[in-house]
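Per chain, numbering begins at 1; letters A, B, ... match sequence-line order.
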Amino acid sequence: MPVARPEPLASRVIAHVDMDCFYVQVEQRKRPELKGVPTAVVQYNSWKGGALIAVSYEARKFGVQRSMRGDEAKKVCPDIQLVQVPVARGKADLNLYRDAGSEVVSLLATKGRCERASIDEVYLDLTGAAEQMLSATPPDTLEEIDEEALKSHVLGLPNDPCSQGEYVKQWLCRSDADHQDKLLACGVIIVAQLRMDVLKKTSFTCSAGIAHNKMLAKLASGMHKPAQQTVVPSSSVTELLASLPINKMKQLGGKLGSSLQRDLGVTTVGNLLDFTEEKLQEYYGRNTGTWLWNIARGISGDEVEGRLLPKSHGCGKTFPGQQALRTLTSVKPWLNGLCEELSERIQSDLEKNKRVAHTLILHAEGFKVCEVPTNRKFPSKSCPLRYGTAKIQEDAWKLFESGLREFLDLQSNEWGITSLTVSASKILPVPAVSLLI
DNA sequence: GCATTATGACGCT
DNA sequence: TAGCGTCAT
C-alpha cells in the first residue's frame, strides 16, 4: 500500500525523465541502419517469434504493442525489424541496457539529487538549480531560450500549434508569475538542457515531466512522447486530475484502483474529491485513505532519493508450458547458470561501486501433480550471501532443496518448476577504511 | 500448471 | 527478520 507523506512546505522543482523505447534506442545506436525504421526488441524467438519488450514509435504507428509476440507484430507491420536481446547461459542478458541506463544516469545526476527509478527512468530534484537560476539568470533576462525549452508543453496554456512557441516563451518569461511558476520555468530550461546533453552524449532521446512533486512529474513525462517535455503549473492540477482515469495514476493501475471503481464508483482521480478523508480511511485504512485524499489534490510529499544504483540484483528465467523443469537433474544446471550471472553482477558491483551484497534469495514457482487439489506456493528462501560463484551455487541449491521439500509437503512426487530467480539484496557500501586492509 | 519476460521497488506482518 | 503480496515496465 502507498504511504501518505505531507508535501514539504517550500516549493520544489521535480523532474521525471523517461527514456523513449529505451531498448530499441540502445540497439539502434549499435546498428544505425535501424534508425527511423519500425523496430522492436524481442526476448527469444522460437515461440511465436519472441516476446516484445520495446517497440519503436515508427512501429507503434502500425499498432504494434509491447504485449505482442514477434509473429503478431509481423502481421500488423510486415517490415518491422525484430532485434533479439543477447542471450547468455540460455537466458536473456540485459547488461547492455543496464550499462546504457548508467550512462544516462551519470549525465542526469549533475544538476541536482538524482534517483534511478528503473533501468530507463530517473527522478531529479532540481529545486536548488532552479532557485540559483532564478536569482542569477531568470528566463526573462536570457538573450536566447533554447528551442528545446520553447517546444515544451505547458499544461493549461492555449493549445495553438501556430504560435505555441510564442506562448511558451511568454509563460517562461512572465514577470507577474508567482514564485512557484518562476521556479518551474527555470526547471523547464534546465531539463531541456539536460535532455539536449543526453542526446548529444549518448544519442538517446527522452521525454520529461516537470512539476512540484514526483507524482505530477511522472504523470507529465508520459503526456507528450517521444522526445518532448511537459510542465505542470499548480494552476493546472485540478483540471488535469479531474478527467484523469483512476487507473492511470501511479499505484492505482492494479487492485486498489479497481476496488475504488467497484466500491465507490470512482472513475477519475478527481472523483476522489467527493469523499472525505475519513470516508476514504474507512474503506482503505488510515495510510491509504490519507494518501488517496492527498493525490486527489495533487499532493505528494515523496522525496527524490539520492540513489544512482539499484538496491538489488536479480537473475531469473521462466520455464513455461512444456519447458517446465521436472527433475532435480534438470533444475541444477539452470540454477547454476543463474547463480553464475548473479555472481558476476555482484562482483562487478563490488569492483565498480565498492558495495557488498549480504543476502541471497531464491524464488521459484511450480506445480505439483496431486490427487487432492492443493495450491501451496513455492516458498521463497534466503540465507547470508557468500561471495564466489561456487559458494553461491551451493547455497542456492540448498535453498532450492529446502523450498522444494516444503512445497511438496509429502503430498506428491511429481512436480514441475516454471520459474527460477536468484537475487542479491541488502547491498551496502564497503566502509572506506576496510578497503585499505 | 501453462506462453507478457525479466527485473526492480516497497509495504505488511 | 523472513517471507509474502502489490505495482510497474
Side-chain angles (χ1 to χ4, degrees), chain A residues 1-4 18-19 21-23 41-55 65-72 84-87 91-95 97-98 101 115-121 123 218 222 247-259 285 287-288 291 302 305 307 309-326 338 341-342 345 358-363 365-370 373-384 399 402-403 406-407 412 414-427:
Chain A
M1 294 289 114
V3 169
D18 194 0
M19 305 309 293
C21 54
F22 189 47
Y23 293 11
V41 173
V42 298
Q43 267 174 166
Y44 315 116
N45 66 356
S46 44
W47 201 75
K48 301 191 177 182
L52 272 59
I53 57 173
V55 180
Q65 293 183 350
R66 230 187 37 177
S67 60
M68 290 178 173
R69 296 283 170 176
D71 292 350
E72 260 182 288
Q84 277 180 255
V85 171
V87 170
K91 71 175 283 296
D93 178 358
L94 303 182
N95 281 328
Y97 314 113
R98 290 192 184 93
E115 176 181 328
R116 176 199 193 271
S118 77
I119 197 167
D120 67 346
E121 284 174 87
Y123 288 96
K218 164 86 180 169
N247 61 323
K248 298 301 175 195
M249 174 64 64
K250 191 175 176 202
Q251 300 290 319
L252 296 180
K255 297 184 177 182
L256 180 55
S258 301
S259 64
N287 258 324
T288 304
W291 181 82
D302 287 355
E305 305 291 332
R307 185 175 52 74
L309 300 171
K311 290 183 160 186
S312 66
H313 298 292
C315 303
K317 175 162 178 62
T318 57
F319 306 90
Q322 292 289 79
Q323 296 179 47
L325 310 176
R326 294 169 164 276
L338 293 169
E341 183 190 328
L342 185 65
R345 284 171 57 193
H358 289 278
T359 305
L360 175 68
I361 308 172
L362 179 122
H363 297 275
E365 286 171 35
F367 59 87
K368 45 191 170 182
V369 186
C370 225
T374 171
N375 50 357
R376 173 188 282 275
K377 302 214 166 171
F378 198 106
S380 295
K381 294 290 167 190
S382 61
C383 70
L399 294 178
S402 110
E406 240 177 83
F407 177 59
S412 165
E414 198 182 344
W415 49 272
I417 293 298
T418 55
S419 146
L420 277 178
T421 301
V422 285
S423 48
S425 67
K426 299 197 181 125
I427 304 181

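Where A:Cys315 and A:Trp47 each meet DNA chain B at their nearest nucleotide, the meeting point lying more 5' is that of A:Trp47. Place A:Ala92 and A:Pro320 on DNA chain B by their nearest nucleotides, and A:Pro320 ends up nearer the 5' end.
Following rounding to the nearest Å, A:Arg326 (CZ) and B:dC2 (P) show an atom-to-atom distance of 12 Å. Between A:Asp71 atom CG and B:dT4 atom P the separation is 14 Å, expressed in whole Å. Protein atom CG of A:Asn287 is 9 Å distant from nucleotide atom C1' of B:dG11, rounded to whole Å. Protein atom CG of A:Leu362 is 16 Å distant from nucleotide atom C1' of B:dA6, rounded to whole Å. Rounded to whole Å, the distance from CD1 on A:Ile53 to C1' on B:dA3 is 16 Å. Note: CG (A:Leu420) to C1' (B:dA6) measures 13 Å, nearest angstrom. Regarding A:Tyr97, its OH atom lies at a distance of 13 Å from the P atom of B:dA6, rounded to whole Å. The distance from atom CD of A:Glu305 to atom P of B:dC10 is 7 Å, rounded to the nearest whole Å.
Note that A:Lys381 lies outside the cation-pi zone of A:Phe407, set by a 6.0 Å cut-off to the ring centre and a 45° limit from the axis.
With rounding to the nearest 0.5 angstrom, the CD1 atom of A:Ile361 is 12.5 Å from the NE2 atom of A:His313. A distance of 11.0 Å separates NZ of A:Lys317 from OG1 of A:Thr421, quoted to the nearest 0.5 Å. One distance of note links CG of A:Leu309 with CZ of A:Arg116; it measures 8.0 Å at 0.5 Å rounding. Rounding to the nearest 0.5 angstrom, the gap separating the CG atom in A:Asn95 from the CZ atom in A:Arg345 is 6.0 Å. The structure places OG of A:Ser258 at 7.5 Å from CG of A:Asn247, a figure rounded to the nearest 0.5 Å. Distance check: A:Glu121 CD to A:Glu115 CD gives 10.0 Å after rounding to the nearest 0.5 Å.
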| query | What string of B, S and - do you get for nucleotides 3-9 of chain C, 5' to 3', if B is base contact, S is sugar-phosphate-only contact and - is no contact with any protein heavy atom under 4.0 Å? | reply | SS-SSSB
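In this structure, A:Leu94 reaches the sugar-phosphate backbone alone: every heavy-atom distance under 4.0 Å involves primed, P, OP1 or OP2 atoms, never a base. In this structure, A:Lys91 reaches the sugar-phosphate backbone alone: every heavy-atom distance under 4.0 Å involves primed, P, OP1 or OP2 atoms, never a base. Among the protein residues, A:Gly416 comes within range of no part of the nucleic acid, since none of its heavy atoms lies under 4.0 Å from any strand. No engagement by A:Glu365 is indicated, since no non-hydrogen atom pair under 4.0 Å with the nucleic acid exists. Counting any heavy atom pair closer than 4.0 Å across all strands shown, A:Lys317 reaches sugar-phosphate atoms only and no base atom.
The side chain of A:Gln43 lies closest to B:dT5 when the candidates are B:dT5, B:dG1, B:dT7. Side-chain atoms of A:Pro310 lie closest to B:dA9 of the nucleotides B:dA9, B:dT5, C:dA2. For A:Tyr44, the side-chain atoms get nearest to B:dA6 when compared with the rest of B:dA6, B:dT7, B:dA3. Comparing B:dG1, B:dT5, B:dC12 by their nearest atom to the side chain of A:Ala324 picks out B:dG1. When distances are taken from the side chain of A:Ala51 to each of B:dT7, B:dT5, B:dC12, the shortest belongs to B:dT5. Taking only side-chain atoms of A:Arg69, from C-beta outward, the nucleotide of B:dC12, B:dG8, B:dT5 with the closest atom is B:dT5.
Panel note: side chain A:Glu72, backbone A:Arg69; a donor-acceptor pair is recorded below 3.5 Å.
Distances shown here put a side-chain N or O of A:Arg98 below 4.0 Å from the OP1 or OP2 atom of B:dT7. Checking the phosphate oxygens (OP1, OP2) of B:dA9, a side-chain nitrogen or oxygen of A:Ser312 falls inside 4.0 Å. When the side-chain nitrogen and oxygen atoms of A:Arg116 are compared with OP1 and OP2 of B:dA9, none of them lie within a distance under 4.0 Å.
The same atom, C1', is picked in B:dC2 and in C:dT9; the two are 23 Å apart, to the nearest Å.
No more than 12 heavy atoms of other residues, nucleotides or ligands shown are found within 6.0 angstrom of CD on A:Glu365.
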